[in-house]
There are 2 protein chains.
Amino acid sequence: MGRPRQFDPDTAVTDAMEAFWDLGYEGASAAVLEEHMGIGRSSLYATFGSKDELYAAAMDRYLEDLRKRVITGLRADGPALDVLQSFFHRVTRRGEPGGEPLRCCMIVRSCATGTTASPAIARLVERAIAELDDAFHDLLLRARHEGTLRARGSLRGLARLLTTTFQGLNIAANAGRSRRELQSITRATLDLLEA
Amino acid sequence: MGRPRQFDPDTAVTDAMEAFWDLGYEGASAAVLEEHMGIGRSSLYATFGSKDELYAAAMDRYLEDLRKRVITGLRADGPALDVLQSFFHRVTRRGEPGGEPLRCCMIVRSCATGTTASPAIARLVERAIAELDDAFHDLLLRARHEGTLRARGSLRGLARLLTTTFQGLNIAANAGRSRRELQSITRATLDLLEA
DNA sequence: CAGTTTTTGGAACGAGCGGTACAAAAAGCC
DNA sequence: GGCTTTTTGTACCGCTCGTTCCAAAAACTG
């Protein structure tokens, strides 16, 4: 009963995510969020409570999308290491004209700025990282079954290394590395993995 | 002539660096910087011009220190891969009681938050990264001469991968990974590199 | 249509931000 | 020891921050 909302909270969260992703937690001020979400301040606070809670919701959305993107990317058909190569290759192409924009992964940014000091965010991030580990681990298992993987030592450790490389690549791209350098990094990664 | 400064600008920059390192660019407010540097606001602005310029000076100091730490770390005596192992191992021990505190590398934080949008900072960071690449490259050359390295493909690419892993490890540590996980990552790295 | 309930826009809040103005204090100069 | 030059402490500037308040508007309920 009463007046119904004039906007869709779900798309509002998506819009907020875009703002936080582009501008970071501090950069996305209340005024900026109003603008991006297309709603007034009252609606914002009435619906989401506080900036922190909105950020948590936006982060949750981001991680959900990331999960989908990564999992579908790594479950693609074909030889496992080819799949991995094209997955990393896609990352190195961010920022090219007409492609995905180059912006820092929200996980990386959150860890770097210590937003993870908040227990709620820390929990979300830790879970997402564990799932990244799992996705890489599945792919490594595939590669091992194919016999294309030089696997010595723990596959789980290797999977964690790939997660680390994935996030490191993100930093590298945002550090102004050229496409050539970025691709030399993914090339080196695959050279090491091949049997 | 005139009244001499009551403080040493050099140590003041170091103090500022500590503040920026701990709290980030935005977190280190003028009041905080006053406190950490032990000087008043007038002195701060008269000496350093603006917060941006002070940040640039602090970053420069940070990178100089980092350079020294990394280069002396990677030039240590002994088998090259052992040196690399203990270098990474040291990173994974940050945050242990009584040791180095766990705080995000200023390069990583700067890239993640886009402080590198400022050309002055970007230049500093790019140069520092190139020097990290070189330091790893030197170590890889050593390993190759020893015959302990499984080197296929470009050594420069491999060196860049190590820089990337170094920064990725930093993210991983700040993401709340356990010491066990962190060490499994360095273990995996060395397993891949060994001939 | 009257009454209740909820949302909405906009003004306003106190606090903190980076930066400046200014006068008092301190040291060098002759 | 006066005079100049520089630094220092403090108060203050305009602005933006996240958040709250409140009255008007809108839609559901009987």
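Just so you know, these numbers come straight off a predicted model, no measurement behind them. Within every chain, numbering begins at 1; the chains are lettered A, B, ... in the order of the sequence lines, protein sequences first and strands thereafter.
- A:Met37 places its CE atom 12 Å from the P atom of C:dT8, with the value rounded to the nearest Å.
- Residue A:Leu44 contributes atom CG, which lies 20 Å from atom P of C:dT6 at whole-angstrom precision.
- Atom CD in A:Gln6 sits roughly 5 Å away from atom P in C:dT8 (whole-Å rounding).
- A donor-acceptor contact under 3.5 angstrom links the side chains of A:Glu53 and A:Ser50, judged on distance only.
- Mapping B:Gly49 and A:Gly2 onto DNA chain C by nearest heavy atom places A:Gly2 at the nucleotide closer to the 5' end.
- Rounded to the nearest 0.5 Å, atoms OG1 (B:Thr115) and CD1 (B:Ile121) are 7.5 Å apart.
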Sub-3.5 Å pairs of nitrogen or oxygen atoms, protein against nucleotides 10-18 of chain D:
residue : atom : partner : partner atom : Å
D:dT10  : O4   : B:Ser42 : OG           : 2.8
D:dC17  : OP1  : A:Ser29 : OG           : 3.2
D:dG18  : OP1  : A:Lys51 : NZ           : 2.3
D:dG18  : OP2  : A:Ala30 : N            : 2.7

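- Whole-Å rounding puts the A:Arg5 CZ to C:dT7 P distance at 6 Å.
- By the 30° and 60° cut-offs, the orientation of the rings of B:Phe87 relative to B:Phe166 is tilted.
- Within the 4.5 Å cutoff, side-chain heavy atoms of A:Thr189 are placed close to those of A:Leu162.
- Looking only at atom types and distance, the side chain of B:Thr14 has a donor-acceptor partner in the side chain of B:Arg61 under 3.5 Å away.
- If you take CG of A:Leu54 and C1' of D:dT19, they are 14 Å apart, rounded to a whole angstrom.
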- request: For the pair B:Arg150 and B:Glu194, evaluate side chain to side chain contact (heavy atoms under 4.5 Å, CB included) and give the outcome as yes or no after the intermediate values.
  value: CA-CA 6 Å; B:Arg150 179 177 120 115; B:Glu194 282 160 10; over 6 Å; no

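- Atom C1' of nucleotide D:dT20 and atom CZ of A:Phe48 are separated by 18 Å, given to the nearest angstrom.
- The cationic group of A:Lys51 does not satisfy the cation-pi geometry with A:Phe20, failing either the under 6.0 Å distance to the six-membered ring centre or the 45° limit from the ring axis.
- Contact annotation for B:Phe7: backbone-only contact, meaning every heavy-atom pair under 4.0 Å involves sugar-phosphate atoms and none involves a base.
- Within 6.0 Å of atom CZ in B:Arg93, 12 or fewer heavy atoms from other residues, nucleotides or ligands are found, so the atom counts as exposed in its surroundings.
- Taking five base pairs at each end of the helix from C:dC1-D:dG30 to C:dG28-D:dC3, the local helix axes there meet at an angle of 0°, rounded to 10°.
- For A:Arg3 and D:dT29, the CZ to C1' distance is 17 Å, given to the nearest whole Å.
- By the neighbour-count criterion of 12 heavy atoms within 6.0 Å, atom CZ of A:Arg152 is densely surrounded, having more than that number from other residues, nucleotides or ligands.
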